[in-house]
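Along the sequence shown, the residues carry numbers beginning at 1.
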Amino acid sequence: MRKINAFFAILFTIYSFGQAPSGYYSSATGSGYTLKTQLYNIIKGHTDRGYSGLWTTYSTSDRDHQNENDNTIFDLYSENQNGTDPYNFTYSTNQCGTYSVEGNCYNREHMIPQSVFNSAAPMVSDAHHITPTDGKVNGIRSNYPHGDVATASTTTRNGSKLGTSAVSGYTGTVFEPVDAFKGDIARMYFYFATRYENTVATYSYSMFNNTSNQVFTTAFLNMLLAWHDQDPVSAREIERNNAIYVRQGNRNPFIDNPSYVNTIWGGTSTGGETTTGSKSDLYLSEYVEGSSNNKALEIKNETGASKSLTGYVIKKQTNGAGSWSTGLSLSGTLVNNGKFVIVNSSISSTCYNKTNSNISTTASEMTFNGNDAIGLFKNGTLIDIIGTYGSSANFASEVTLRRKSTVTAPKATYSSTDWDTYAVDTCGGLGNRIIQQNTTKNDINVTTYPNPNNGNFTIEFEQNKSPFLVEIYSTLGQKVFEKSNVKDNEIQVSNLSRGVYYVTVSNATYNNVKRVIVQ
């Protein structure tokens, strides 16, 4: 059960960078699979402590110093983030052994089963993908792939499930961990795919596609990207990564720098990394044409400067016939690297929380189908499009499309090769709000210093009779700090990880946004 206070929980959750030595990733300068190979060359050749050596590693790598903080074994298959743990294991004392029910003992769980690589070294003893877990649950998971469960045949005491697959494109049995640890497990898979780039193409496993670059089938890659995005790096993962580094001499780069996942495999999260201005104008970055009313659009600004949304309009052509709709007009100012999200107001909360959107609307432009072209117009001129104007052919029915990072500018002609395709109702990549709304009075005078800084800085602003709301957003649009009802003229912020952030200070009639760089 989580007992740390809420403020530090926020900071731990968004803390995206571990304690890698200076220069450890200095040669990781590429993108796509080039970056993956660069990371492979950094983390390969680690010290193999042997299979029995895992027990020693667990003495420092997998102890509960975050939730109960009782130094028991931290078990992903039994830990309860929202209540009392069903049972706890004491290091060494409860080491398996034999088991018959949950809670008997803990053993060593290979996230990528030993049978995949014939129990060969060093894979069989690499702690970065082998965790201590309850022996019984480890047996229940067996060699089944991790995945989302449609109908459970077995549910463990912390809510993990074995059952039929809900992974689009895979019909077998899968094992689903609880939501709190899906990101942890996804990053272990990404580590394995990178560390063993030289051999992974030869491994037969339902999650793998027998290549050394993508490694995963598209169905399972989409799922792992969603897990990584929805469950950010935690303080527990950082502590574990550091402890394994001491033992093995290599690190999981996707814990130190979560943005590497998306730079390599094409997701959307930036994980706190700075992205530079590279696009000539605003562009459509994501398109969700899901089941029922699960419809969403995302617009991103990578121009290098804040952009007023005045004059930008979203229009739709229905079924490839007739003219463009009157249009949905946008307003406000979108900061550099900010994302503007528009959703159908009836979107399912299980797909996306509409309160995080910039616009939630019943407008006809947000009732599109897979053959309705969607255009982004600026001052009456089409600058970007999804779909082909004048064609009634389905181009994206019940899928999510995400713009590839290789696209350098918005385009008035649609090309499917500019987009990555994800399963129906994949909504986890949609950014949250980083938006400075237009106001009718002068902005608040806000100062942030020092800027750049090391994660500790002061926000100073002129006082007003009305208290302020202070929020800080990452470049992904994740809110990483909030303080309401501020009446003093300055507040302190500490322990933000490296990256670019946007500080918003507002009340009923005033607002201001400041860009802060953490080095």
Side-chain angles (χ1 to χ4, degrees), residues 18 20-21 23-51 54 109-131 143 145-146 183-229 233 237 240-241 244-245 247-267 269 271 273 404-406 420:
Y24 187 80
Y25 295 109
S26 60
S27 60
T29 58
S31 61
Y33 299 133
T34 298
L35 172 60
K36 182 168 170 286
T37 299
Q38 291 169 338
L39 293 174
Y40 161 72
N41 286 320
I42 292 169
I43 65 177
K44 68 179 182 180
H46 71 268
T47 300
D48 184 359
R49 296 293 183 181
Y51 192 46
L54 288 168
E109 160 73 313
H110 293 75
M111 294 300 166
I112 292 79
Q114 296 187 56
S115 59
V116 173
F117 44 82
N118 294 320
S119 300
M123 292 76 73
V124 72
S125 50
D126 187 342
H128 280 301
H129 82 104
I130 308 170
T131 68
N143 291 343
H146 287 92
D184 305 49
I185 291 173
R187 286 178 282 276
M188 292 180 194
Y189 274 95
F190 290 130
Y191 164 85
F192 189 92
T194 303
R195 169 60 185 86
Y196 301 105
E197 179 179 279
N198 59 324
T199 57
V200 70
T202 66
Y203 300 155
S204 179
Y205 192 42
S206 54
M207 296 182 72
F208 295 165
N209 71 350
N210 299 118
T211 68
S212 61
N213 45 35
Q214 180 169 310
V215 177
F216 309 100
T217 68
T218 299
F220 279 107
L221 175 59
N222 290 346
M223 181 203 75
L224 291 173
L225 288 171
W227 285 12
H228 167 69
D229 195 44
V233 171
E237 286 181 89
R240 186 173 200 274
N241 197 25
I244 294 173
Y245 176 65
R247 289 278 291 164
Q248 294 188 179
N250 74 335
R251 306 182 65 82
N252 183 334
F254 307 107
I255 293 173
D256 289 328
N257 296 283
S259 63
Y260 285 160
V261 171
N262 310 112
T263 303
I264 294 170
W265 282 284
S269 172
E273 282 285 283
K404 292 181 178 179
S405 59
T406 53
D420 289 319

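Shown here for Asn143 and Pro113, the closest heavy-atom pair between the two residues is OD1-CB, 3.4 Å. The minimum heavy-atom distance linking Val233 with Pro258 is given by the pair CG2-CG, 3.6 Å. Nearest heavy atoms, Ala201 versus Asn210: O-ND2, 3.3 Å. Contact record, Asp256 with Ala20: OD2-CB, 3.9 Å, taken as the closest heavy-atom pair. Smallest separation of non-hydrogen atoms from Ala28 and Leu35: CB-CD1, 3.6 Å.
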Checklist entry - How far apart are the C-alpha atoms of Asp126 and Tyr196, what are their side-chain angles, what is the distance that settles it, and do they pass the side-chain contact (heavy atoms from CB on, under 4.5 Å) test? => result CA-CA 11 Å; Asp126 187 342; Tyr196 301 105; 2.7 Å; yes
Checklist entry - Would Tyr24 and Asn250 satisfy side-chain contact (heavy atoms from CB on, under 4.5 Å), going step by step from the backbone distance to the final call? => result CA-CA 10 Å; Tyr24 187 80; Asn250 74 335; 4.0 Å; yes
Next on the checklist: One pair to check against side-chain contact (heavy atoms from CB on, under 4.5 Å): Met207 and Leu224. What are the steps and the verdict?
Outcome noted: CA-CA 10 Å; Met207 296 182 72; Leu224 291 173; 4.2 Å; yes
Next on the checklist: Could you walk me through whether Arg195 and His46 satisfy the side-chain hydrogen bond (donor to acceptor under 3.5 Å, both in side chains) test, starting with their C-alpha distance in whole Å, then the side-chain angles of each, then the deciding distance to 0.1 Å, before giving a yes or no?
Outcome noted: CA-CA 10 Å; Arg195 169 60 185 86; His46 71 268; 3.1 Å; yes
Checklist entry - Where do Met111 and Phe192 land on the side-chain contact (heavy atoms from CB on, under 4.5 Å) test, with the steps shown first? => result CA-CA 9 Å; Met111 294 300 166; Phe192 189 92; over 6 Å; no
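Separation of the Tyr189 and His146 ring centroids falls under the 6.0 Å cut-off. In summary, the aromatic rings of Tyr260 and Tyr25 are positioned with their centroids under 6.0 Å apart.
The distance from atom NE2 of His128 to atom CD1 of Ile244, rounded to the nearest 0.5 Å, is 5.0 Å. The CG atom of Asp420 sits 8.5 Å away from the CG atom of Asn222 when rounded to the nearest 0.5 Å. Once rounded to the nearest 0.5 Å, the distance linking CZ of Phe117 with OG of Ser204 reads 13.5 Å.
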For residues 212-220, run the donor-acceptor check on the side chains, cut-off 3.5 Å, and write out each pair with its distance to 0.1 Å, sequence neighbours left out.
| from | atom 1 | to | atom 2 | distance (Å) |
| --- | --- | --- | --- | --- |
| Asn213 | OD1 | Thr211 | OG1 | 3.1 |
| Gln214 | NE2 | Phe216 | O | 2.8 |
| Thr217 | OG1 | Phe220 | N | 3.3 |

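Inter-residue side-chain proximity for Phe190 and Leu39 is flagged as unmet; no heavy-atom pair is nearer than 4.5 Å. The shortest side-chain heavy-atom distance between Arg240 and Asp184 does not fall under the 4.5 Å cut-off. With contacts defined as side-chain heavy-atom distances shorter than 4.5 Å, the pair Ile43/Pro253 qualifies. Looking only at side-chain heavy atoms (C-beta outward), Trp265 and Tyr33 come within less than 4.5 Å of each other. Counting heavy atoms from C-beta outward, Pro21 and Arg251 have side chains that approach closer than 4.5 Å. Counting heavy atoms from C-beta outward, Val116 and His110 have side chains that stay 4.5 Å or more apart.
Judged purely by atom type and a 3.5 angstrom limit, Glu237 has no side-chain atom pairing as donor or acceptor with the backbone of Ile255. In terms of modelled atom types and a separation under 3.5 Å, the side chain of Asn241 and the main chain of Asn252 share a donor-acceptor contact. Side chain of Lys44 to backbone of Glu197: no donor-acceptor contact under 3.5 angstrom is found.
In terms of the side-chain hydrogen bond (donor to acceptor under 3.5 Å, both in side chains) criterion, residue partners of Thr199 (sequence neighbours excluded) are, by chain and number, Tyr203.
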